[in-house]
Number of protein chains: 2
Amino acid sequence: MNSPQERNGGFLPDQHDHGDCVAAALEDAIAVCGERGVRLTPVRRRVLEIIWQGHRPLGAYAILEVLSGEGHSPAPPTVYRALEFLLTQGLVHRLSSLNAFVGCSRPGHPGAGQFLLCTSCGTAAELNDPEIERAIERGAAAEGFVCRDHTVEISGLCPHCRGT
Amino acid sequence: MNSPQERNGGFLPDQHDHGDCVAAALEDAIAVCGERGVRLTPVRRRVLEIIWQGHRPLGAYAILEVLSGEGHSPAPPTVYRALEFLLTQGLVHRLSSLNAFVGCSRPGHPGAGQFLLCTSCGTAAELNDPEIERAIERGAAAEGFVCRDHTVEISGLCPHCRGT
DNA sequence: TACCGTAACATTATGATATTACAAAACAGT
DNA sequence: ACTGTTTTGTAATATCATAATGTTACGGTA
Ligand SMILES: [Zn+2]
Ligand SMILES: [Zn+2]
Ligand SMILES: [Zn+2]
Ligand SMILES: [Zn+2]
């Protein structure tokens, strides 16, 4: 099984077929979990789908609310556990500047990614930019610091909102 | 009045004279507030001092606890208001990956800075690295995104901890 | 099938962080 | 001192996340 390719990392047109995004994300998730011998259980799968309802970060309690509207009313730990699983498998990312979660555009990839967050429409785009990573690595090394992880979240205006 | 210079941005030796750091930070804060015609009131000043007790980020409730041990027992809004003031004046930074606040090494400077956070000892160092900023700007521009602000928080090991 | 061990999930409660709304006090300019 | 503005106090509440404990579902074994 070949690894999933980058998908939906950038900003997409408003009228793109979002069903395809969700379907591709699920397909990738099934593949990644299959390769690793971990289980994409119904709760985990449903949480991933809910996150992929849009290209915008969703808070844990917003996910809870969606689940509550489906007969099923789990408590916070259920959602957080599913999120932790998805984070561990690299299927979603956590955005600490928003306390929210977004689907990963390159499921299972190594590295933390960088995020562009539109303050106008709430849309997020994921970068995995080697130039940024290299600059960070270099800046840290100059202070004698060894990087383990990074959070890069850039807020501003997406291409759709910058014009209006 | 000349603007404060960069101070204490990097990792300092364990035995540096930290009283100097605090004194310099307060001096800079007084200068910045004086130039701008805003008031560094006793609460704001004290919160800034508490944050500068060390080179490690402090949570709002940790600050509250210190204040409580001083006869004076303010409620959360008092601390959050002081923090908001200090953030606005560029005297402290908020680290969203830690939900904590740290003194700014270049009081009043423009830009968001980048932070190195040691997971072993909790120490933070601030960078204002034009290379990182340029890389981010370029990566964002390639997606048609206009940057307004950024959060760059790098976790890993500081020079003191990497050896042990 | 019955058994066991592990992984996943449910439930309750609580911890940690942050904000709203309104009242009182301190301050600055007159 | 009078007045409008800024700052602080206080109580309640919202929001985000985890601890602690017990139960259920699943997969392997005999
Ligand atoms: Zn990703
Ligand atoms: Zn937008
Ligand atoms: Zn700074
Ligand atoms: Zn350290």
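So you know, we letter chains A, B, ... as the sequences are listed, proteins then strands, and number each from 1.
- Comparing atom distances between the A:Tyr80 side chain and each of C:dT17, D:dT7, D:dC16 picks out D:dC16 as nearest.
- In the set C:dT20, C:dC9, C:dT11, C:dT11 carries the atom at the smallest distance from any side-chain atom of A:Ala75.
- For A:Arg39 and D:dG27, a side-chain-to-base donor-acceptor distance below 3.5 Å is absent, hydrogens and geometry of angles not being considered.
- In the set C:dA10, D:dG9, C:dA8, the nucleotide with an atom closest to the side chain of A:Thr78 is C:dA10.
- Using a 30° and 60° split on the angle between ring planes, A:His109 and A:His93 fall in the tilted class, from 30° to 60°.
- Across C:dA10, C:dT19, D:dT8, the shortest atom-to-atom separation from the side chain of B:Val43 is found for D:dT8.
- Contact detail for B:Ser105 and B:Gly9: the closest heavy-atom pair is CB-CA, 3.5 Å.
- Base engagement by B:Arg81 is indicated by at least one non-hydrogen atom pair under 4.0 Å involving a base atom.
- Candidate nucleotides D:dC16, C:dT11, C:dT19 were compared by shortest atom distance to the side chain of A:Tyr61, and D:dC16 ranks first.
- The side chain of B:His72 contributes no N or O atom lying less than 4.0 Å from OP1 or OP2 of D:dT8.
- Under a 4.0 Å N-O distance rule, the pair B:Arg46/B:Glu49 qualifies as a salt bridge.
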Practice prompt. Kindly indicate, with the supporting measurements, whether the criterion salt bridge (Lys or Arg N to Asp or Glu O under 4.0 Å) is fulfilled by A:Arg81 and A:Glu84.
Written response: CA-CA 5 Å; A:Arg81 272 190 303 250; A:Glu84 190 185 7; over 6 Å; no
